[in-house]
Amino acid sequence: MPLLSKVKTMQALHLMSEMFPDAKGELNAKNPFELLIAVTLSAQTTDVAVNKVTPALFKAYPTPEKLAMAQTDDIIELIKTIGLYRNKAKNIKAAAQMLLDEFEGQVPKTHEELEMLPGVGRKTANVVLGDAFGIPGIAVDTHVQRVSKRLRIAKLDASVKEVELALMKRVPEELWVKAHHTIILFGRYHCTARKPKCEECPLLELCADGKQRMKEKKKA
Ligand code: SF4
């Protein structure tokens with residue numbers, strides 16, 4: 001099965017952006033520090049759940065200094081409704097300390113430096129760079145992976161990095177950040193993991209997976 005061409009990928013993206021014209025990050029954050037913490041907390045947790053805990057967390061610890069000095073148990077108390085909260089509490093405290101020790105209390109602006117921070121991987125770094133600093137990147141989360149593979153923008157067995165590269169090859173750099181948010185919303189609300197809405201999908205003609213599903217449905 002050939003992969004989706006650059007032209008067709010852009011058509012698919014255009015159709016997605018018609019469905020979600022205002023796509024942007026759904027995590028609440030007032031500055032790069034808050035965004036870094038919110039994105040770190042969002043691993044394997046919904047943005048909605050993170051947005052419920054961050055107001056109290058940022059009120060108690062509004063700066064890297066305050067967060068670095070916090071007791072881990074006190075952080076745990078504030079974030080215990082989200083997944084992996086114990087590890088995340090340790091990571092954000094350690095990340096705040098590293099911001100102070102290595103980066104003069106500022107959130108760094110390169111992948112390399114961001115990925116030195118505990119709990120920060122390539123996806124988190126991409127989101128922070130794009131949303132806090134406008135530095136182009138495509139953060140590949142579970143939704144971006146699934147949608148890209150169903151549409152055959154990337155191969156079915158592609159790694160996260162390969163999905164990122166496939167998208168970067170097909171989408172102009174100035175659209176990377178927007179594309180990432182658009183695909184996430186499309187995956188979260190339309191092309192969902194369990195019940196993709198293929199029957200009513202404007203991308204059906206472009207989608208290998210969707211066509212296959214419809215064929216199987218007709219047979220059944
Ligand atoms: Fe997703 Fe189905 Fe649309 Fe393909 S046709 S993008 S699988 S909802």
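Below, each value reflects all heavy atoms present in this structure, side chains not excepted, and no hydrogens, waters or symmetry copies. Counting convention: from 1, in listed order, for ligands and their atoms alike.
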### Query
In terms of ring plane angle, is the pair F20 and F186 parallel, tilted or perpendicular, where the classes change at 30° and 60°?
perpendicular

Taking only heavy atoms of [X] into account, list the atoms of ligand 1 that are under 4.0 Å away from them.
{"X": "H190", "result": "8 (S)"}
{"X": "K197", "result": "8 (S)"}
{"X": "L204", "result": "5 (S)"}
{"X": "F186", "result": "6 (S)"}
{"X": "R150", "result": "7 (S)"}

### Message
A cation-pi test, strictly: NZ or CZ of K109 under 6.0 Å from the centre of the six-membered ring of F133 and no more than 45 degrees from its axis. Yes or no?
### Response
yes

Which protein non-hydrogen atom lies closest to [atom], naming both residue and atom, and how far is it?
{"atom": "atom 3 (Fe) of ligand 1", "value": "C201 SG, 2.4 Å"}
{"atom": "atom 1 (Fe) of ligand 1", "value": "C191 SG, 2.4 Å"}
{"atom": "atom 4 (Fe) of ligand 1", "value": "C207 SG, 2.3 Å"}

### Message
Any donor-acceptor pair under 3.5 Å linking the side-chain atoms of K88 with those of T45?
### Response
yes

#### Entry: Side chains of T142 and Q145, donor plus acceptor under 3.5 Å
no

### Query
Quick check: does any side chain N or O of K211 sit under 3.5 Å from a backbone N or O of E205, one acting as donor and the other as acceptor?
yes

### Message
A side-chain contact here means heavy atoms from C-beta on lying under 4.5 Å apart; do L185 and E26 qualify?
### Response
yes

### Message
Between C198 and atom 2 (Fe) of ligand 1, is there a contact where an N/O/S atom of the residue lies under 2.8 Å from the metal?
### Response
yes

### Query
So among R122, K169, R170, which one has a salt bridge (Lys or Arg N to Asp or Glu O under 4.0 Å) with E164?
R122

